[in-house]
Amino acid sequence: MEALLRSCRVPALGARHGGARARHGGTAGRARRLLLSQLFQPLALPTGGQAGSEGRPGEPSCRSQRLMLQAGLIHPTSPGCYCYLPPTVRAMEKLIKLMDQEMQAVGGQKLNLPSLCSAELWRASGRWDQMGPELFRLLDRHKHGYCLGPTHEELVTALVASQSGLSYKQLPLRLYQVTRKFRDEPKPRFGLLRSREFYMKDMYTFDSSEEAARHTYEQVCAAYCRLFTHLGLPFVKVRAATGSIGGSTSHEFQLPADIGEDRLLLCPQGHFAANVETLNTEQTSCPECGEKLSETKGIEVGHTFYLGTKYSSVANAVFSSAENRPQLAEMGCYGLGVTRILAASIEVLSSEDSIRWPSLIAPYQLCFIPPKRGSREEEEGAALLEQVYDELAQALPQLAGDAVLDDRSQLTIGKRLKDAQRLGYPYVVVAGKRVCEDPPVFEVWDQNAGKVLFLTKEGVIELLSEVQVP
């Protein structure tokens, strides 16, 4: 036994991780460096006249799809289905963290519901037939029917209905999740903007009265407005149809874009905004101020519904009122397209050849570019840049995992800088010709502001101290 214990003894920390540190450019007491060459981000950036990756043959393309494929953010597997590669997952996690903050600020409690939903629940609500071929349906080995949930009104209402002792004192109840959803799109297109498998944040609320439920509705809509404002996205909130989800009141949150699939009518003074599908006749002037309405296209990134008792009446989701009588809960549901927001942000903020992220959710906040191998600045410049990297990680630990070192030193600075611009790092720090001055001066490219600054090491750290991360 003693011999066995000796053979299984854990090696010293330095011995066990020494290889990993060397591989990632780190040593004891120094920040672990993220090297671009070792990130799983298969780039297909165009060179010269090349068009770059366009996705699956015959699939309609758009700016965000093309840029995400070229940047190694997504990889197509079948029509409407994609692998989300590590940088995209980082952006998603940051976006979800912001959503969590907003949902919990309005009393949201996070849960997780099954993707497999019983056909019985959907038949009871009438949506099993209403949804038609867009619903992915399957049978298990016992011939029981299920669908892959595109949304979860039935399931969450059944969950609440199963709580027989629910009291009005426990309301409002605001439950939400962030999960994969499924929709059998007849013609998936535009990458993550219209896919068959996607991520959504969906909240379901239960209130004691219509008045309370409408107050919840306004609170959640305000939280959505804060989120999109925080992200710096040019959104509009428009009156919308309730569609297959139902209810009596609905709004969409749209990002105006030429490739959008929704037609919107907007008052130039901001008094009126609607999806044209909500209008019985072609309306040309604002009902509030009489101004001529302008038409634009939009990408839907959020949708809210006041449901009333549409689902609670079917599932008998009741609570005990103050008079100790059973009463149906008044409901609402609220969706945000997580992966669609990522793609739509790139669609509306980027140029034709360079990604621009909302700064808060960029996969990485900054990229360091050392001198080209064999250049006059190589030895001194590389050491100085690594010193900035390490001191930045110590001074601003929140950015320690958000900095990438482009170690492809066989390429020129210009080529790597162009790649960095295409990949959308908000900040790029370059050890160029002035790095050999006394004191050393670095080029700092502020991509979203479109400007370049020349700063000392202290100036770089001071500038980046203002960078926000979720």
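Under a 3.5 Å cut-off, the side chain of Arg196 and the backbone N or O of Pro188 do not form any donor-acceptor pair. For the pair Ser351 (side chain) and Ser354 (backbone), a donor-acceptor distance under 3.5 Å is present. Proximity of a side-chain donor or acceptor of Ser345 to a complementary backbone N or O of Trp357 within less than 3.5 Å is not detected.
Atom CD of Glu218 sits about 9.0 Å away from atom OG1 of Thr249, to the nearest 0.5 Å. To the nearest 0.5 Å, atoms CD (Glu300) and CZ (Arg340) are separated by 6.0 Å. One distance of note links OH of Tyr84 with CD1 of Ile74; it measures 8.5 Å at 0.5 Å rounding. Residue Leu95 holds its CG atom at 9.5 Å from OG1 of Thr339, rounded to the nearest 0.5 Å. Atom OG1 of Thr205 sits about 10.5 Å away from atom CG of Leu171, to the nearest 0.5 Å. Within the model, atoms CD of Glu252 and CG of Asp262 stand 5.0 Å from one another, a figure rounded to the nearest 0.5 Å.
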Pair Leu148-Leu116, side chain to side chain contact (heavy atoms under 4.5 Å, CB included): steps then yes or no: CA-CA 5 Å; Leu148 291 176; Leu116 277 178; 4.0 Å; yes

Test log, rule side chain to side chain contact (heavy atoms under 4.5 Å, CB included), inputs Leu193 and Ile259: CA-CA 10 Å; Leu193 292 180; Ile259 66 154; 3.4 Å; yes

Evaluation steps, side chain to side chain contact (heavy atoms under 4.5 Å, CB included), between Met103 and Tyr224: CA-CA 9 Å; Met103 292 302 95; Tyr224 280 20; 3.8 Å; yes

Evaluation steps, side chain to side chain contact (heavy atoms under 4.5 Å, CB included), between Phe442 and Leu384: CA-CA 10 Å; Phe442 301 89; Leu384 287 168; 4.1 Å; yes

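Qualifying ring-ring contact (aromatic ring centres under 6.0 Å, His included) partners for Phe198, counting only residues two or more places apart in sequence or in other chains: none. Taking the side chain to side chain donor-acceptor pair (under 3.5 Å) definition, one finds that Glu291 meets it with nothing, sequence neighbours left out. With sequence neighbours left out, the side-chain contact (heavy atoms from CB on, under 4.5 Å) criterion links Glu379 to no other residue. Glu391 pairs by the side chain to side chain donor-acceptor pair (under 3.5 Å) definition with Gln387, Lys457, not counting sequence neighbours. Residues passing the side chain to side chain donor-acceptor pair (under 3.5 Å) test with Glu443, sequence neighbours excluded: Trp445. The salt bridge (charged side-chain N to carboxylate O under 4.0 Å, His left out) test applied to Glu352 returns Arg63, Arg66, not counting sequence neighbours. Under the side-chain contact (heavy atoms from CB on, under 4.5 Å) criterion, Met131 pairs with Trp122, Arg127, Leu135, Pro150, Ser244, sequence neighbours left out. Residues satisfying the side chain to side chain donor-acceptor pair (under 3.5 Å) criterion with Tyr217, sequence neighbours excluded, are His251, Thr304. Scored by the side-chain contact (heavy atoms from CB on, under 4.5 Å) test, Leu349 finds Leu233, Arg356, Pro358 as partners (sequence neighbours excluded). Checked against salt bridge (charged side-chain N to carboxylate O under 4.0 Å, His left out), Glu261 has the following partners two or more places apart in sequence or in another chain: Arg189, Arg194. Among residues two or more places apart in sequence or in another chain, the side-chain contact (heavy atoms from CB on, under 4.5 Å) test is passed with Ser294 by Leu266.
Heavy atoms only, all atoms of each residue included: Gln365 and Pro426 are closest at O-CD, 3.3 Å. The two residues Lys181 and Thr179 make their nearest non-hydrogen contact at NZ-OG1, 2.6 Å. Heavy-atom minimum distance, Leu34 versus Arg32: CD2-NH1, 3.0 Å. Nearest heavy atoms, Pro87 versus Gly72: CD-O, 4.4 Å. The two residues Ala393 and Ala400 have their closest heavy-atom pair at CB-CB, 4.0 Å. The shortest non-hydrogen separation linking Leu264 to Gly298 is CD1-CA, 4.0 Å.
Using a 4.0 Å cut-off between charged side-chain N and carboxylate O, Lys418 and Asp353 make a salt bridge. A salt bridge links Arg90 with Asp402: at least one charged nitrogen is closer than 4.0 Å to a carboxylate oxygen. Salt bridge Arg33/Asp407: absent, no basic N to carboxylate O contact under 4.0 Å. With respect to the salt-bridge test (charged N to carboxylate O, under 4.0 angstrom), the residues Asp258 and Lys297 do not qualify. We find that Asp207 and Arg214 are not joined by a salt bridge, their nearest charged nitrogen and carboxylate oxygen being 4.0 Å or further apart.
Under the 4.5 Å side-chain criterion, counting only non-hydrogen atoms from C-beta, Leu227 is in contact with Met99. Residues Phe253 and Cys221 have side chains in contact (heavy-atom distance under 4.5 Å, counting atoms from C-beta outward). For the pair Ile299 and Phe190, the minimum side-chain heavy-atom distance is 4.5 Å or more. Taking the side chain as every heavy atom from C-beta outward, Gln269 and Cys286 never approach each other to under 4.5 Å. When side chains are defined from C-beta on, Tyr204 does not count as touching Thr157, because their heavy atoms never get closer than 4.5 Å. With contacts defined as side-chain heavy-atom distances shorter than 4.5 Å, the pair Leu35/Leu405 qualifies. Looking at heavy atoms from C-beta onward, Leu385 lies out of side-chain contact with Val435 at the 4.5 angstrom threshold. Between Leu392 and Leu366 the shortest side-chain heavy-atom distance falls below 4.5 Å.
Aromatic ring pairs are classed by plane angle as parallel below 30°, tilted from 30° to 60° and perpendicular above 60°; the pair His303 and Phe305 is parallel. Taking the six-membered ring for Trp and thresholds of 30 and 60 degrees, Phe235 and Phe228 have ring planes inclined between 30 and 60 degrees apart.
Surrounding CZ of Arg137 are more than 12 heavy atoms belonging to other residues, nucleotides or ligands, all under 6.0 Å away. For Gln468, the CD atom counts as loosely surrounded, since its 6.0 Å shell holds 12 or fewer non-hydrogen atoms of other residues, nucleotides or ligands.
Glu102 pairs with exactly one of His230, Arg226, Lys201 by the side chain to side chain donor-acceptor pair (under 3.5 Å) rule, that one being Arg226.
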Donor-acceptor list for residues 106-115 side chains, cut-off 3.5 Å, not counting sequence neighbours:
| unit_1 | atom_1 | unit_2 | atom_2 | d |
| --- | --- | --- | --- | --- |
| Lys110 | NZ | Asp100 | OD1 | 3.1 |
| Lys110 | NZ | Asp100 | OD2 | 3.2 |

